[in-house]
Amino acid sequence: MSTAPLAAATPTFDGVLRPSPLGPGVTEAMIPSSCVQNHAANLMQLPNGDMACVWFGGTQEGIPDISVWFSRLKVGAEAWSAPVKLSDDPTRSEQNPILFVAPDGRVWLLWTAQINGRQDTAIVRHRISEDGGETWGAIETLIGTPGTFVRQPITVRSDGAWILPVFLCRTEPGVAWVGDDDVSAVEISRDQGRTWTRTEVPDSLGAVHMNVVALDGAEMVAFYRSRWADHVRASRSHDGGLTWSAPEDLAPPNNNSSIQATRLADGRLAMVHNWSSRLDATERRLSLYDEIEDPDAGATKAIVPESERKTAFWGAPRAPMTLSISADGGRTWRRALDLEEGDGFCLSNNSREDKNRELSYPSIRQAADGRIHVAYTWFRKAIKHISLPADAV
């Protein structure tokens, strides 16, 4: 395993690709943004070969000025483009955007929209681009069931059906959402996204951010973030995503923060994630949104004693940013490379006062030319992009 240097103290937020200390042929850039806070990147290669990145930006997660932003790295370009805002609902915090290139070449953008810090109020919206992300159609509701959250991309089955992994944010009446009762499901569409059928993953309490990766034939594997901040979890499907086994712990740790995996051209799986868990925590915070005042919530926030049941653990360090490799379909993993190190402090989401130092919420995509692209949150101030040659891992 190679080790990366500590997070840079004075990065340049201009989107320019620069040589990385990670090794020959590796570049890095801070994608430009005018927002105080930037978080939850997702990458996708567009039909013309450009690499696109979407994320959410604004003042602070959960505040209604949070919107979806889009930037692209054109083929052969040396810098990411100036960002474009693609959503702007002044009443909801719009989060976790996803890009999806449909089989017909149209580019879909999906994201969640919630009231303040209440993820149990979230719905899923979308809009479509007919010209590779240059212009976008009307904003519409894709899934209107409250509490539906997305984070990971759509997978297309060999028969043309679309599989969208979701997680369901649930809470009891009178109790503010903190993540204790979240479960995962898949939404399946057989008519190119017009209608969806939901199937829950069995025994998935606490397993969220379901990331579906197609293997061979009808076999699929899904990887999960753990609300308990213990381990990355995984489940499998042998019928193209119609049914799933119950999630089980893998060896790599998880800190109740997002992961993402993809299948490389050589058949190996690559995952980006934080190599940390609750065992690395020095303190614990009440919830993800404990800094946001929500006078209309009408609910209390409380940690249920773990002697009664498992509870979501918030505050485990969100660092280092690690790239791991599996050569056996995701059953075992080799810690290949720490892309960046730091203390990962995330007991506050406050970016305006520089109180957050997390390296988190990564996205990974292998381009048609073989290069591996990774984007992740840097201190909740910017989205960092790293591009590596395939032989780097």
Side-chain angles (χ1 to χ4, degrees), residues 39-40 56 60-64 66 89 91-96 110-125 141-152 164-187 196 198-210 224-230 233 246-247 254-258 278 281 283-316 318 346-349 360-361:
H39 188 45
F56 69 75
Q60 186 169 321
E61 180 176 356
I63 294 176
I66 289 288
D89 184 340
T91 69
R92 287 182 177 248
S93 182
E94 299 182 288
Q95 303 177 187
N96 284 19
L110 286 69
W111 69 95
T112 60
Q114 69 188 53
I115 300 171
N116 297 316
R118 287 174 272 160
Q119 289 196 183
D120 54 303
T121 67
I123 58 175
V124 181
R125 291 174 171 163
T141 296
L142 186 71
I143 301 173
T145 305
T148 305
F149 236 79
V150 297
R151 164 62 185 160
Q152 306 289 5
L164 170 64
V166 301
F167 60 105
L168 312 179
C169 298
R170 311 182 302 188
T171 190
E172 298 175 8
V175 178
W177 175 89
V178 293
D180 291 348
D181 198 35
D182 294 358
V183 296
S184 282
V186 291
E187 299 274 1
W196 299 85
R198 174 175 295 180
T199 301
E200 287 194 24
V201 177
D203 300 321
S204 61
L205 182 67
V208 297
H209 289 203
M210 183 182 187
Y224 305 82
R225 159 187 182 170
S226 172
R227 286 280 184 239
W228 322 139
D230 48 14
R233 301 167 79 179
N254 183 256
N255 53 350
N256 190 15
S257 188
S258 197
R278 64 190 298 161
E283 295 181 66
R284 179 177 182 176
R285 62 187 298 185
L286 184 62
S287 75
L288 179 62
Y289 301 103
D290 53 16
E291 299 168 296
I292 296 177
E293 294 183 6
D294 186 2
D296 299 322
T300 60
K301 296 177 181 177
I303 292 180
V304 176
E306 294 218 16
S307 59
E308 297 180 17
R309 63 177 171 87
K310 285 186 175 181
T311 59
F313 190 101
W314 301 96
R318 291 184 167 186
C346 63
L347 294 173
S348 169
N349 293 347
S360 67
Y361 269 64

What are the two closest heavy atoms between [X] and [Y], and how far apart are they?
X      : Y      : value
Gly206 : Trp228 : CA-CZ2, 3.6 Å
Ala281 : Ala316 : CB-CA, 3.9 Å
Glu94  : Ala113 : CG-CB, 4.1 Å
Ala229 : Phe313 : CB-CB, 3.8 Å

Between Met210 and Phe167, does a side-chain contact (heavy atoms from CB on, under 4.5 Å) hold up when you go through it step by step?
CA-CA 7 Å; Met210 183 182 187; Phe167 60 105; over 6 Å; no
When you measure from the side chain of [X] to the backbone N and O of [Y], does any donor-acceptor pair fall under 3.5 Å?
X      : Y      : value
Thr141 : Gly144 : no
Arg285 : Cys346 : yes
Asn96  : Val150 : yes
Glu200 : Val183 : no
Arg151 : Ser258 : no

Would [X] and [Y] count as having a side-chain donor-acceptor pair, cut-off 3.5 Å?
X      : Y      : result
Thr311 : Arg284 : yes
Ser226 : Arg233 : no
Arg225 : Asn256 : yes
Tyr289 : Gln114 : yes
Thr112 : Arg92  : no

Enter the distance from [X]:[atom1] to [Y]:[atom2] here, rounded to the nearest 0.5 Å.
X      : Y      : atom1 : atom2 : answer
Leu142 : Thr148 : CG    : OG1   : 10.0 Å
Thr145 : Ile123 : OG1   : CD1   : 10.0 Å
Arg125 : Trp111 : CZ    : CH2   : 7.5 Å
Ile63  : Asn116 : CD1   : CG    : 8.5 Å

Pairwise side-chain contact, [X] with [Y], heavy-atom cut-off 4.5 Å (strictly under):
X      : Y      : value
Val201 : Pro247 : yes
Ser184 : Leu168 : no
Arg318 : Asn255 : yes
Glu61  : Leu288 : yes
Arg198 : Ile143 : yes
Asp181 : Thr171 : no
His209 : Tyr224 : no

What's the verdict on side-chain contact (heavy atoms from CB on, under 4.5 Å) for Glu291 and Leu286, showing C-alpha distance, side-chain angles and the deciding distance?
CA-CA 9 Å; Glu291 299 168 296; Leu286 184 62; over 6 Å; no
Do Val186 and Trp196 pass the side-chain contact (heavy atoms from CB on, under 4.5 Å) test, and can you show the C-alpha distance, the side-chain angles, and the key distance before you say yes or no?
CA-CA 9 Å; Val186 291; Trp196 299 85; over 6 Å; no
Are Arg227 and Asp182 ion-paired here, with the side-chain N under 4.0 Å from a carboxylate O?
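The answer is yes: the pair qualifies as a salt bridge.
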Presence of salt bridge, Asp180 and Lys310, under 4.0 angstrom
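Between Asp180 and Lys310 there is no salt bridge, as every charged N stays at least 4.0 Å from the carboxylate O atoms.
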Any idea how Trp314 and Trp177 line up, ring-wise: parallel (<30°), tilted (30 to 60°), or perpendicular (>60°)?
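Judged by the thresholds at 30° and 60°, the geometry between Trp314 and Trp177 is perpendicular.
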Would you please indicate yes or no on a ring centroid separation below 6.0 angstrom for Tyr361 and His39?
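Close enough - the centres of the two rings lie under 6.0 Å apart.
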